[in-house]
Chemist: 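Okay, here's the structure, questions in a sec.
Order of listing sets the numbers, starting from 1, for every ligand and every atom in it. Heads up: numbering here begins at 1 and tracks the sequence. For the numbers below, each heavy atom of this structure counts, side chains included, while hydrogens, waters and symmetry mates do not. The shown structure was predicted, so the numbers you read here are calculated from the model rather than taken from an experiment.
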Amino acid sequence: MKKGKKLYEGKAKILYAAPEKGTAIQHFKDNATAFNNQKKTIIEGKGILNNRISEHILSNLNQIGIETHLIKRINMREQLIKIVEIIPVEFIVRNIATGSLTKRLGIEDGTVLDKPLIEFCYKNDELNDPLIAKEHITAFKWAEENEINWIKDQCLRINDFMQGMFKGIGIKLVDFKLEFGRLNQGEVRRIILADEISPDTCRLWDASSEKKLDKDRFRKDLGNLLEAYQEVARRLNILHEETNIKPVEFGKLRSIKNRK
Ligand code: 5GP
C-alpha cells in the first residue's frame, strides 16, 4: 500500500496518509521512551511485536463488538486504521495498584483492587499527562458527561475481555491505558477505541512469578524487554511464520527488519 505524507509523529508511532479517504497507515517504531521522553533508546524489533500484539487484541475486540480504529495489519510494522480525532484524555484502567497510583497515594505496591479503578489523565506531554477529574473533561469540552460514561463502560468491557484473555495464558493484567477518538464520516459520528494496546501500554505480570512482561522492564532497567514482549506474543500464539519472530532469537530480528 502506497504511503502518503506524514500526518503525525509520536514517540513510538508515525501516521502516514493512506490512499483511501479517512484512513491512515500507523507505523510502529522501535523507540522506547519513559518519563516523558527523558529516558529513551531504540529496541530493535519492539515495533514489530507491538504491531502484531496490538493487531491481535484490537481485532479480538472488534469481534466482540467493541469498535476500534483498526482496519487491518498491512505488514510487520504497519496497520491500516480509520482516522479519528483523538480525545485528549488517557483512560487508565487498574486491577492491581502499582506505578503512579502507589506513588501518589502511598498504597502498597501489588494491592489487588476489589473492582477495576478508572482514572483520567490529560494527554499533554508538556504537563506530564496530569491526573484530572471527570469535571475537567466536561469543563474543557473534551467530552460530554454521557460520552465519558459510555467510554467508562467500554473500558470495563475491554478490561473484562483482556483480563480473561491474559488469565488464560498465565498473565495478570495489572493496568493499562486506552485512548478513544471521534470518527467523523459525514453523518456517521461516533467514538471508537484508538491508538494501541500492547506491552508498551499495559502492565503484564507472569501469574506465578510476577515477572514483569511489559515496558516496566525498560522504565526500571530490568533488561530483556524484547524477550518479555516475545514471551507475551508466544503465549498469545501469534509468533507465527509470517512475522518470523522466534522467541529469544533477537539477532534474527535485524535481518527480518532489513528485508522489509
Ligand atoms: P502509571 O500511571 O502507573 O504510570 O501507568 C498506568 C498504566 O497506563 C501503565 O500500564 C502504563 O503503561 C500506561 N500508561 C500511562 N500513561 C502512558 C503513556 O503516556 N504512554 C504509555 N505507553 N503508557 C501509558
Chemist: Between Asp200 and Lys215, does any side-chain N to carboxylate O distance fall below 4.0 Å?
Modeler: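 The answer is no: the pair does not qualify as a salt bridge.
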Chemist: Heavy-atom distances under 4.0 Å decide this one: backbone, side chain, both or neither, for Arg94 against ligand 1?
Modeler: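 The part of Arg94 near ligand 1 is the side chain, not the backbone.
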Chemist: Give the numbers and elements of all ligand 1 atoms closer than 4.0 Å to a heavy atom of Asp200.
Modeler: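 Counting from 1, the qualifying ligand atoms are 12 (O), 21 (C), 22 (N), 23 (N).
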Chemist: Closest non-hydrogen protein atom to atom 2 (O) of ligand 1, residue and atom name please, with distance?
Modeler: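 Protein heavy atom with the smallest distance to atom 2 (O) of ligand 1: Ser100 OG, 2.6 Å.
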Chemist: Strictly by modelled atom types, are Lys134 and Asn149 linked by a side-chain donor-acceptor pair under 3.5 Å?
Modeler: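 Asn149 and Lys134 do have a side-chain donor-acceptor pair below 3.5 Å.
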Chemist: Identify, by atom number and element, the atoms of ligand 1 in contact range of Phe176, meaning under 4.0 Å from any of its heavy atoms.
Modeler: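 Those qualifying, in numeric order: 8 (O), 10 (O).
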Chemist: Is it the side chain (CB and beyond), the backbone, both or neither of Val174 that lies under 4.0 Å from ligand 1, heavy atoms counted?
Modeler: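 The answer is neither; Val174 stays 4.0 Å or more away.
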Chemist: Report the nearest protein non-hydrogen atom to atom 7 (C) of ligand 1: residue, atom name, distance rounded to 0.1 Å.
Modeler: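 So the nearest neighbour among protein heavy atoms is Asp175 OD1, 3.5 Å.
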Chemist: If you take all heavy atoms of Trp142 and Arg182, which pair is closest and at what distance?
Modeler: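 Of all heavy-atom pairs spanning Trp142 and Arg182, the closest is O-NH2, 3.0 Å.
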Chemist: So which bit of Ala12 gets within less than 4.0 Å of ligand 1, heavy atoms only: side chain, backbone, both or neither?
Modeler: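 Neither part.
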Chemist: Could Asp160 and Arg157 be called an ion pair, given the rule that one side-chain N must be under 4.0 Å from one carboxylate O?
Modeler: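 A salt bridge is absent here (no side-chain N lies under 4.0 Å from a carboxylate O).
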Chemist: Identify the protein heavy atom lying closest to atom 5 (O) of ligand 1, giving its residue, its atom name and the separation to 0.1 Å.
Modeler: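 Atom 5 (O) of ligand 1 sits closest to the protein heavy atom Arg203 NH1, 3.6 Å.
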Chemist: Looking at Phe218, is Lys39 sitting on its ring face, NZ or CZ under 6.0 Å from the six-membered ring centre and within 45 degrees of the normal?
Modeler: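 Judged by the rule (NZ or CZ under 6.0 Å from the ring centre, within 45° of its axis), Lys39 counts as positioned above Phe218.
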Chemist: Assess whether side-chain contact (heavy atoms from CB on, under 4.5 Å) is satisfied between Leu101 and Ile92, documenting all intermediate values.
Modeler: CA-CA 10 Å; Leu101 173 64; Ile92 311 285; over 6 Å; no
Chemist: Please list the nearest protein heavy atom to atom 12 (O) of ligand 1 with its residue and the distance rounded to 0.1 Å.
Modeler: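 Answer, as residue, atom name and distance: Arg219 NH2, 2.9 Å.
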Chemist: Show the nearest heavy-atom pair for residues Pro19 and Met1, with the distance to one decimal.
Modeler: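 Closest heavy-atom pair between Pro19 and Met1: CD-CG, 3.7 Å.
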Chemist: Report, in ascending order of atom number, the atoms of ligand 1 lying under 4.0 Å from any heavy atom of Gly99.
Modeler: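 Those qualifying, in numeric order: 3 (O).
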Chemist: Can you report which non-hydrogen protein atom sits closest to atom 13 (C) of ligand 1, along with the distance?
Modeler: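 Of the protein heavy atoms, Lys177 CB, 3.6 Å lies nearest.
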Chemist: Using a strict 4.0 Å threshold on nitrogen-to-oxygen distance, state whether Glu231 and Lys211 make a salt bridge.
Modeler: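 Here Glu231 does not pair with Lys211 in a salt bridge, since their nearest N and O are not under 4.0 Å apart.
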Chemist: Which one holds for Ile92 and ligand 1: side chain close, backbone close, both close, or neither close, with close meaning a heavy atom under 4.0 Å?
Modeler: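 Looking at Ile92 and ligand 1, just side chain atoms fall under 4.0 Å.
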Chemist: May I ask you to list the atoms of ligand 1 that are less than 4.0 angstrom from any heavy atom of Asp129?
Modeler: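 Reading through ligand 1 atom by atom, the close ones are 19 (O).
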Chemist: Considering non-hydrogen atoms of the protein only, which is the closest contact for atom 16 (N) of ligand 1, and what is the distance?
Modeler: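 In this structure, atom 16 (N) of ligand 1 has Glu90 OE1, 3.2 Å as its nearest protein heavy atom.
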Chemist: In terms of side-chain geometry, is the basic nitrogen of Glu9 or Lys29 positioned less than 4.0 Å from the acidic oxygen of its partner?
Modeler: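 Salt bridge present between Glu9 and Lys29.
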